[in-house]
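Every heavy atom of this structure was used, including side-chain atoms; hydrogens, water molecules and symmetry mates were not. Keep in mind that this is a model prediction, so the values were computed, not measured.
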Amino acid sequence: MKIIHIAAMGLFTAASAVAQHGGSLVVEIKSVTCQNKSWDGVVEFDGPGNEIFVSGAFYKRNPNSKSSKTQKGVLTTATFGSTAGHNERRQAGTASPTGGVDNTNVIPFNETITSVQLDPDGFVLLSPTLWERDDNNETIYDRYKNQVLADLESASLMPFPKMSNLGEPGNPFAGKIYYYGNGYRVTIPPISYPSIFNSLVNPNVQGNRPMGIVKYDGQTLDFDPAIILIEAKNLWAIYNQTPTNHPYANAAYPWKTVKEISLYCGENTYGIGNSNGKYYINIAIKFAPEGDDITASRITAQNPAVKQPVTNIPIIKNIADKNIMPIKGVPPKAPAYTMTNEMMYTEWKGLMGVYGEPTKGGPFFFKINNNAFWLQDTNGTSIASGGFRIENNNFAATYSYPNGDTYNFNSTGYNPSNGELTGTWSCATGANTGKKGNWMAYKKY
């Protein structure tokens with residue numbers, strides 16, 4: 001197949017900057033639909049029906065950023081299905097009184113898998129895959145996670161394939177779902193996935209397996225995970241606002257679900273057709289653009305010699321008028337904030353990274369109330385707790401796990417324009433003593 005390429009990274013000119021906004025991106029798995037469950041053995045030792053979770057990776061690149069150029073991570077949701085003998089799972093499905101995913105079940109997930117900040121020229125490559133869990137062959141699963149993360153990083157440096165003929169006219173998001181095989185010429189050998197998953201297609205083998213393996217008699221195994229390309233410029237276009245006509249005050253763009261995607265994940269490895277799993281991952285892409293004042297400041301900083309035309313200058317009749325508008329093109333002062341208990345007492349969700357170990361970290365959740373800090377798992381269950389205090393217009397917390405491991409957790413800043421809270425963490429005692437990293441979070445609505 002002939003592939004026509006366009007450049008992934010272009011110069012950020014003053015003309016395009018006026019029309020483009022960066023902002024905050026959140027991607028959520030809303031639900032998973034089971035069209036046909038995967039064969040789970042004659043005796044379902046891991047529980048009736050299927051037990052499912054979504055895994056994969058993301059890679060963010062802001063080509064012109066100096067402070068947040070790249071960010072990457074592996075994503076894994078909770079496991080949904082039967083809780084018989086597995087309290088760590090989330091009960092879902094109708095296969096038994098304890099759950100278990102069955103045909104036609106729609107399983108609510110409502111889990112954030114990616115939360116990043118994009119510059120106007122930034123983009124994210126996201127590759128989610130549905131898995132059926134059998135609580136074994138974790139080595140295969142770990143190899144997959146390392147592989148998909150490496151593939152996304154490699155693909156992020158490739159030209160984006162031009163496939164607009166596959167999409168709907170006028171839809172900025174059309175044709176933005178690719179596959180490694182037909183969209184990217186990655187540097188990783190194409191036999192990597194067959195070598196990882198080959199043992200899963202042997203007769204009568206059960207194990208953690210992705211819904212996407214294809215293996216016909218006499219042919220080699222194929223696994224071609226999807227890539228979803230999410231560009232800031234398309235998010236802004238879909239948001240359907242412009243810097244001059246949006247009905248919100250500067251720096252006050254609200255969150256909006258700009259796109260919902262139903263991503264098919266199916267296998268073809270069993271001789272009996274109705275033994276092959278067929279699922280749809282239902283994904284919501286949410287975006288909150290940066291304010292006009294931030295964009296104006298960015299334009300001035302990147303193009304100091306360019307004088308922006310001044311239009312629509314307001315007529316000020318009274319110097320005491322409180323509604324005086326700022327002159328466009330002049331960098332405004334950073335919006336001030338005062339951190340209070342009222343501001344912080346809620347649930348937060350975001351991403352955590354580990355310095356020096358880019359493949360570790362990922363989504364994390366915490367809650368603050370009654371002068372206490374609570375670290376949570378993806379189910380909202382508290383797994384560690386400690387004290388909380390506000391000082392110097394930021395907060396500091398020290399929390400401990402039941403085994404005695406202690407961590408210091410501090411905020412370093414809050415951006416009122418997009419609700420982003422940032423900070424650092426470090427391990428004081430325990431097996432991870434000396435490790436540290438940073439984090440970012442938004443209020444969990």
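Considering all non-hydrogen atoms of both residues, Arg209 and Leu200 come closest at NH1-O, 3.1 Å.
Look at Lys72 and Glu153 and you find a salt bridge, because one of the NZ, NE, NH1 or NH2 atoms lies within 4.0 Å of a carboxylate O, short of that distance. Salt bridge Asp121/Lys233: absent, no basic N to carboxylate O contact under 4.0 Å. Salt-bridge annotation for Lys30 and Glu260: absent, with no side-chain N of the basic residue lying under 4.0 Å from a carboxylate O of the acidic one.
Other residues, nucleotides and ligands contribute more than 12 heavy atoms inside 6.0 Å of the CD atom of Glu88. Asn110 CG: more than 12 foreign heavy atoms inside a 6.0 Å radius.
For Thr76 and Tyr141, the side-chain atoms include at least one donor-acceptor pair closer than 3.5 Å. Between the side chains of Asn276 and Ser38, no donor-acceptor pair is found at a separation under 3.5 Å. Checking Lys286 against Thr257 by side-chain atom types alone, no donor-acceptor pair falls below 3.5 Å. For the 3.5 Å distance criterion, the side chains of Gln117 and Ser24 qualify, holding a donor opposite an acceptor. Arg89 and Thr79 share no donor-acceptor pair across their side chains, judged by distance under 3.5 Å alone.
With rounding to the nearest 0.5 angstrom, the OG1 atom of Thr70 is 9.0 Å from the CG atom of Asn62. Summarising the geometry, atom CG belonging to Asn341 is positioned 11.0 Å from atom CE belonging to Met343; distances are rounded to the nearest 0.5 Å. In this structure, Phe373 CZ and Thr398 OG1 are separated by 10.0 Å, a value rounded to the nearest 0.5 Å.
For Tyr193 and Phe223, the gap between ring centers is short of 6.0 Å. Checked against the 6.0 Å centroid threshold, Phe123 and Tyr59 do not count as a close aromatic pair.
When the side-chain contact (heavy atoms from CB on, under 4.5 Å) test is applied to Ala232, the partners found at least two apart in sequence or on another chain are Leu118.
Among Arg143, Lys145, Arg133, the single residue meeting the salt bridge (Lys or Arg N to Asp or Glu O under 4.0 Å) criterion with Glu138 is Arg133. Of the listed residues (Trp374, Tyr407, Phe409), just one forms a ring pair (Phe, Tyr, Trp, His ring centres under 6.0 Å) with Phe366, and that residue is Phe409.
The cationic atom of Lys256 (NZ for Lys, CZ for Arg) does not lie both less than 6.0 Å from the six-membered ring centre of Phe287 and within 45° of the ring axis. Annotation: cation-pi geometry not satisfied between Arg90 and Phe80 (NZ/CZ under 6.0 angstrom from ring centroid, within 45° of ring axis).
A donor-acceptor pair under 3.5 Å is absent between the side-chain atoms of Ser411 and the main chain of Asn394, judged by distance alone.
Aromatic ring pairs are classed by plane angle as parallel below 30°, tilted from 30° to 60° and perpendicular above 60°; the pair Tyr442 and Trp255 is perpendicular.
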